[in-house]
Structures are given as C-alpha cells and as structure tokens.
Amino acid sequence: MTLLVPADPLQPPPVRGSIAPEADAARAAGIDVAVVDHHPLTRGDPHRAGMAVPADGVAVHHGWMLRNNQ
C-alpha cells in the first residue's frame, strides 16, 4: 500500500507541513509514501501530479478533497 500525500510548494521538505508527521509515521510503520502535486491533479494533468506514484498496487489519498473524476 502507498499513502499519497500532498506536496507543499512553499516549504521543504516536499510534504505539506501539517501532514508531514503522518507521512513520517506511515514510513516508520513500513508504508510507502508518495508525494503528489494537488494543482496539476485538479487541473486535468494527473500524470504530472503523481510522477512518483507507483503504477501498481493500492494507494490511499490523504489530502484535500477531490472530485470523483480527479
């Protein structure tokens, strides 16, 4: 399983600050974490948004709400 977390374009590291502790806890528990860029995702460019996301397996998105088609 992979946990998808939103990038924070204003602060390094790339995981959004408020979600970073959860991403760290997931990594510590052995869960893969991939960072996605919310803006391309909502603008119809999902490939650019999730370039680091594995192509296979199960993923859980933890971030801002998305429409079904996103």
Side-chain angles (χ1 to χ4, degrees):
M1 178 173 67
T2 301
L3 176 65
L4 305 178
V5 295
D8 187 344
L10 302 177
Q11 293 182 349
V15 176
R16 181 171 167 82
S18 61
I19 296 175
E22 294 175 36
D24 292 341
R27 286 185 189 103
I31 297 171
D32 293 327
V33 176
V35 179
V36 295
D37 189 340
H38 183 77
H39 296 292
L41 188 60
T42 58
R43 294 181 180 138
D45 192 0
H47 298 289
R48 185 170 159 238
M51 292 174 65
V53 177
D56 59 345
V58 175
V60 176
H61 177 257
H62 176 33
W64 298 281
M65 293 185 350
L66 298 170
R67 293 184 178 93
N68 287 338
N69 64 340
Q70 297 170 327

Taking all atoms of both residues into account, what is the closest heavy-atom pair of Ala23 and Val33, and its distance? O-CG2, 3.7 Å

Of all the heavy-atom pairs spanning Leu3 and Glu22, show the shortest one and how long it is. CD2-O, 4.4 Å

Any side-chain heavy-atom pair of His62 and Ile19 under 4.5 Å: yes

Taking side-chain hydrogen bond (donor to acceptor under 3.5 Å, both in side chains) as the test, write out the residues that go with Asp32, two or more places apart. none

Locate the shortest heavy-atom distance separating Met1 from Ile31; write the atom from each residue and the value. O-CG2, 3.8 Å

